[in-house]
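In what follows, a single structure is set out as structure tokens and then discussed.
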Amino acid sequence: MFKRAAAALAAGAMAVVLSACSSGGAANDGASGGGSDKITIGFAQVGAESGWRTANTKSVQDAAKKAGVTLKFSDAQQKQENQIKAIRSFIQQKVDIIAFSPVVESGWDTVLKEAKAAKIPVILTDRSVDSQDESLYVSFLGSDFVEEGKKAGDWLVKEYAGKSDPVNIVQLEGTTGSAPANDRKSGFADVIKGDPKFKVLASQTGDFTRAKGKEVMQAFLKSQPKIDVLYAHNDDMALGAIQAIEEAGKQPGKDIKIISIDGVKDAFTAMSQGKINVVVECNPLLGDQLMELAKKVKKGESVERRIKTEESVFTQDQAAAALPTRQY
Ligand code: AHR
């Protein structure tokens, strides 16, 4: 009786793991690669929390198709435990390469050691882990989030240069414990700490989503009598906050200046309407580079441990011109 129940439970758990993994844009015939030039990548994505993430998923799926790579794609719905299950499932399926964008920075060593023991190389994309053991992954491809936070701070310092009145700032943080939330916060703080007129009055997570960005901004507007600047760790939260600001009868971009990060089309539209003041770019189009990297790793070629994405900063005067060519 107990044995049957345990077997049923185990089968249920396995079904959950396997259903978390679905085929991406590439043909997914279940083959494990293994042949000299055929590659199967297991890709554990964070979720679908933002426009940036949707563009990133599409980029990886399209690139896999173009490169003839079999992609096993899993959406973790912003939950670390789902990503760990997906990685374990990829190990069982003996994929050639595991690639993933870690939801949070900590807590990966155990599962990465399992991948290493199974001799499956791991590539980190977009976000990194805080593991001290560098042998647990072969490369990290993605943005420099500290640099993005610094660029946001640099814009603010220039914008208020020569002024001495206090500048009241509220901050919408990304997912708690994630690399972009940690690094964008510290990069920004490092730049503004040199001038005491900059005061971060409130800082709270909006989990990188529009809905949460709006909700938290509504709370900020109620609790803070005077807000001069909103620093949002991504566009979706900034766009949600814009709704809250407008509903409160204020003008985003004027009454409250807005600094955002990513550079999705909707943010460019808001910028061209004067509602966002500056966007620090974070490029989600990592698919082609990932496929190239995976092929090299499969062949046993040496690869760079850190590959940084090139990114710019866009201000309102550049927004309208840049809008038609934005790809995401
Ligand atoms: O890791 C990149 C961040 O994650 C993007 O800035 C954000 O939009 C996404 O959800």
Side-chain angles (χ1 to χ4, degrees), residues 43-60 75-80 82-83 99-106 108 123-130 137 140-152 171-188 204-214 216-217 230-242 258-271 276 278-287 289-290 306-314 326-328:
F43 184 78
Q45 180 59 292
V46 171
E49 73 282 5
S50 63
W52 187 101
R53 188 64 56 197
T54 306
N56 178 247
T57 293
K58 187 173 180 313
S59 166
V60 171
D75 175 340
Q77 298 174 350
Q78 295 238 70
K79 291 199 175 76
Q80 183 175 32
N82 290 347
Q83 265 190 328
F100 81 114
S101 172
V103 176
V104 289
E105 280 189 287
S106 306
W108 297 102
I123 298 174
L124 302 176
T125 72
D126 163 38
R127 300 181 183 179
S128 191
V129 295
D130 65 2
Y137 60 93
F140 166 36
L141 162 68
S143 306
D144 183 335
F145 298 132
V146 175
E147 198 49 41
E148 289 172 353
K150 284 188 177 163
K151 287 177 184 168
Q171 178 170 231
L172 279 169
E173 299 178 25
T175 303
T176 305
S178 69
N182 294 341
D183 294 353
R184 288 171 185 171
K185 185 175 179 177
S186 67
F188 182 76
Q204 210 176 301
T205 181
D207 214 9
F208 283 131
T209 69
R210 249 178 232 218
K212 268 284 196 129
K214 179 174 180 182
V216 177
M217 190 67 206
L230 162 67
Y231 170 41
H233 287 187
N234 85 340
D235 287 343
D236 280 77
M237 293 190 295
L239 292 161
I242 285 173
I258 300 183
I259 307 169
S260 180
I261 297 184
D262 274 356
V264 299
K265 259 194 180 151
D266 285 356
F268 269 76
T269 304
M271 240 197 317
I276 293 181
V278 64
V279 168
V280 176
E281 188 181 34
C282 178
N283 189 352
L285 308 179
L286 304 175
Q289 275 174 295
L290 173 60
R306 176 72 172 103
I307 302 167
K308 281 190 195 170
T309 323
E310 301 258 315
E311 286 152 353
S312 322
V313 174
F314 294 92
R326 286 313 282 173
Q327 287 179 57
Y328 49 91

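Ligands are counted one by one from 1 in listed order, and the atoms in each one are counted from 1 as well.
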Reported CZ-to-OG1 distance for the pair Arg53 and Thr209, which is rounded to 0.5 angstrom = 13.0 Å
Give a yes or no on whether a salt bridge exists between Lys212 and Glu49, defined as a side-chain N under 4.0 angstrom from a carboxylate O.
-> no
Under a 4.5 Å cut-off applied to non-hydrogen side-chain atoms, are Val278 and Phe314 in contact?
-> no
Within a strict 4.5 Å, meaning less than it, do heavy atoms of the Glu281 and Asp262 side chains meet?
-> no
Of all the heavy atoms in Arg184, does at least one lie under 4.0 Å from an atom in ligand 1?
-> yes
Working to the nearest 0.5 Å, report the span between CG of Asn283 and CD of Gln327.
-> 8.5 Å
Do any heavy atoms of Asp236 fall under 4.0 Å from ligand 1?
-> no
Quick note on ligand 1: atoms under 4.0 Å from a heavy atom of Asp126 include exactly 1 (O), 2 (C)
Of all the atoms in ligand 1, which lie at a distance below 4.0 Å from a heavy atom belonging to Glu49?
-> 4 (O), 9 (C), 10 (O)
Under 4.0 Å from a heavy atom of Arg127: give me the atoms of ligand 1 that qualify, with their elements.
-> 1 (O), 3 (C), 4 (O), 9 (C), 10 (O)
Is the closest heavy-atom distance from Asp262 to ligand 1 below 4.0 Å?
-> yes
Which atoms of ligand 1 have any heavy atom of Pro180 under 4.0 Å away?
-> 1 (O)
Short list, please: which atoms of ligand 1 are under 4.0 Å from a heavy atom of Ser50?
-> 7 (C), 8 (O), 9 (C), 10 (O)
Against heavy atoms of Phe208, which atoms of ligand 1 measure under 4.0 Å?
-> 7 (C), 10 (O)
4.5 Å side-chain heavy-atom contact, Leu286 and Asn56 = yes
For residues Trp52 and Asn234, determine if any side-chain heavy atom of one lies less than 4.5 Å from a side-chain heavy atom of the other.
-> no
